[in-house]
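Have a look at the structure below before the remarks.
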Amino acid sequence: MSDSYIDARHSTDVAGGHGDRDPIVISIARDYGAEGHEVGKLLSVHLGLPLYDNELLVRSARRMGVDVDEAAAYDERTQRGPLAFLPDSTDQRTGADKLFKAMKQVILDLGSSKSCIIEGRLSDYILRDNPNLISVLVTAPLECRVRIVGDKRGLSTHDALVLVRRMQHRRERFYTRYSAGKWDMYTDKDLIVDRSVFGRQGCCEIIAAAYEYKRGLLEADR
């Protein structure tokens with residue numbers, strides 16, 4: 001099983017009973033290189049909630065009736081620049097739009113059915129009207145993210161900087177395109193946690209505290 005989907009069946013007392021009645025969704029946007037995915041995995045174990053990342057792609061591909069590898073070619077990507085309107089690029093835009101439409105429905109379905117953690121894919125925008133959404137950005141200064149990416153991938157500082165900027169720009173374009181320019185990675189976040197200040201574990205514990213507080217409010221209102 002991919003580490004991008006963590007099943008929390010070992011904690012059904014938390015994720016199951018509560019999630020069925022008042023599902024709380026933690027949406028994690030992440031600056032590239034800030035280790036938002038690693039924070040999400042820690043949070044999933046800490047809270048006993050399923051984490052959806054690449055599993056969103058699997059479910060969306062199934063909904064579209066295409067192979068996962070085919071869907072992956074369009075995941076969180078947009079086409080721009082002078083080549084954007086060539087036939088091949090038009091096909092890519094169409095494929096990306098179809099994938100986003102399918103993924104949007106997957107995210108809406110998950111958000112209304114169970115407490116969970118969803119990473120990226122504009123989930124904070126898609127679920128913006130959900131009163132039980134906790135929208136989070138995991139970030140870090142550029143130099144920290146460059147160092148993390150360089151260490152993980154064995155890249156020089158220059159090459160890591162180029163990669164971080166390219167991937168960050170791709171994520172920001174994705175937000176702009178599929179929110180029609182209404183949303184970006186830094187819009188209306190409930191929490192912004194700095195990986196360079198708190199570390200992965202600290203970020204996890206801060207987000208977990210927000211979840212537990214929200215859960216307590218919901219239980220008090222019953």
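Values below: every heavy atom of this structure, side chains too, minus hydrogens, waters and symmetry copies.
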Flag the pair [X] and [Y] as a salt bridge only when some basic side-chain nitrogen lies within less than 4.0 angstrom of an acidic carboxylate oxygen.
X	Y	value
D31	R195	no
D97	R177	yes
R128	D188	no

**Prompt:** Please walk me through it: do K41 and D53 pass salt bridge (charged side-chain N to carboxylate O under 4.0 Å, His left out)?
**Reply:** CA-CA 10 Å; K41 288 196 293 184; D53 185 1; over 6 Å; no
**Item:** Within 6.0 Å of NZ in K104, more than 12 heavy atoms from elsewhere
**Value:**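 Open.
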**Message:** Are there over 12 heavy-atom neighbours, none belonging to K152, within less than 6.0 Å of that residue's NZ?
**Reply:**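 Yes, enclosed.
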**Item:** Step-by-step salt bridge (charged side-chain N to carboxylate O under 4.0 Å, His left out) determination, E219 to R215
**Value:** CA-CA 6 Å; E219 290 175 347; R215 189 160 67 100; 3.5 Å; yes
**Message:** I'd like to know if Y32 and V162 are part of one continuous hydrophobic network [Ile/Leu/Val/Met/Phe/Trp/Tyr, side-chain heavy atoms within less than 4.5 Å].
**Reply:**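 No, separate clusters.
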Separation between [atom1] of [X] and [atom2] of [Y], rounded to the nearest 0.5 Å:
X	Y	atom1	atom2	result
I192	T139	CD1	OG1	7.5 Å
E212	L47	CD	CG	6.0 Å
R145	L161	CZ	CG	10.0 Å
E119	I117	CD	CD1	8.0 Å

**Prompt:** Does one side chain, of Y52 or K114, offer a donor that lies under 3.5 Å from an acceptor on the other?
**Reply:**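 Indeed, the side chains of Y52 and K114 share at least one donor-acceptor pair under 3.5 Å.
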**Request:** Show your reasoning for whether side chain to side chain contact (heavy atoms under 4.5 Å, CB included) applies to V146 and R165.
**Result:** CA-CA 9 Å; V146 168; R165 284 178 170 168; over 6 Å; no
**Prompt:** Applying ring-ring contact (aromatic ring centres under 6.0 Å, His included), which residue pairs with at least one partner in residues 119-147 are found, sequence neighbours left out?
**Reply:**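 The answer is Y125-W183.
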